[in-house]
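Here is the structure we will look at.
Just so you know, these numbers use all the heavy atoms, side chains as well, and skip hydrogens, waters and symmetry mates.
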Amino acid sequence: MEPNKNRFVEEWGAARENLEHNFRWTRLNFAIIGIFGIAIIVLVYKGIVREFHMQDEEASRPYRKFL
């Protein structure tokens with residue numbers, strides 16, 4: 001007995017396999033890459049540096065130099 005294939009699942013799978021061939025750069029894509037590829041990384045970095053500075057203040061040490 002062969003299982004019945006769902007046409008929608010098969011189309012979705014084919015689209016996923018060929019995603020790099022069908023991808024187009026748009027303003028929305030640039031915005032998404034800008035937010036998740038750059039802004040999130042910068043915010044995480046700034047948060048880490050701020051935490052180090054807070055620890056240095058509590059220990060009465062001079063700030064560490066980052067970049």
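The heavy-atom pair separating Arg64 from His53 by the smallest distance is O-CE1, 3.5 Å. The shortest non-hydrogen separation linking Gly37 to Ile41 is O-CD1, 3.0 Å.
Within the structure, the ring-ring contact (aromatic ring centres under 6.0 Å, His included) test picks out the following pairs touching residues 5-24 (sequence neighbours left out): Phe23-Trp25. Judged as a salt bridge (charged side-chain N to carboxylate O under 4.0 Å, His left out), not a single pair has a partner in residues 27-53 (not counting sequence neighbours).
For Glu20, the CD atom counts as densely surrounded, since its 6.0 Å shell holds more than 12 non-hydrogen atoms of other residues, nucleotides or ligands.
Every residue two or more places apart in sequence or in another chain was checked for a side chain to side chain donor-acceptor pair (under 3.5 Å) with Arg16, and none qualifies. Residues satisfying the side chain to side chain donor-acceptor pair (under 3.5 Å) test with Arg7, not counting sequence neighbours, are none. The side-chain contact (heavy atoms from CB on, under 4.5 Å) check on Leu28 picks up Thr26, Ile32, with sequence neighbours excluded. With sequence neighbours excluded, the residues satisfying side chain to side chain donor-acceptor pair (under 3.5 Å) with Glu57 are Tyr63.
Val42 belongs to a hydrophobic cluster whose other members, connected by ILVMFWY side-chain contacts under 4.5 Å either directly or through intermediates, are Ile38.
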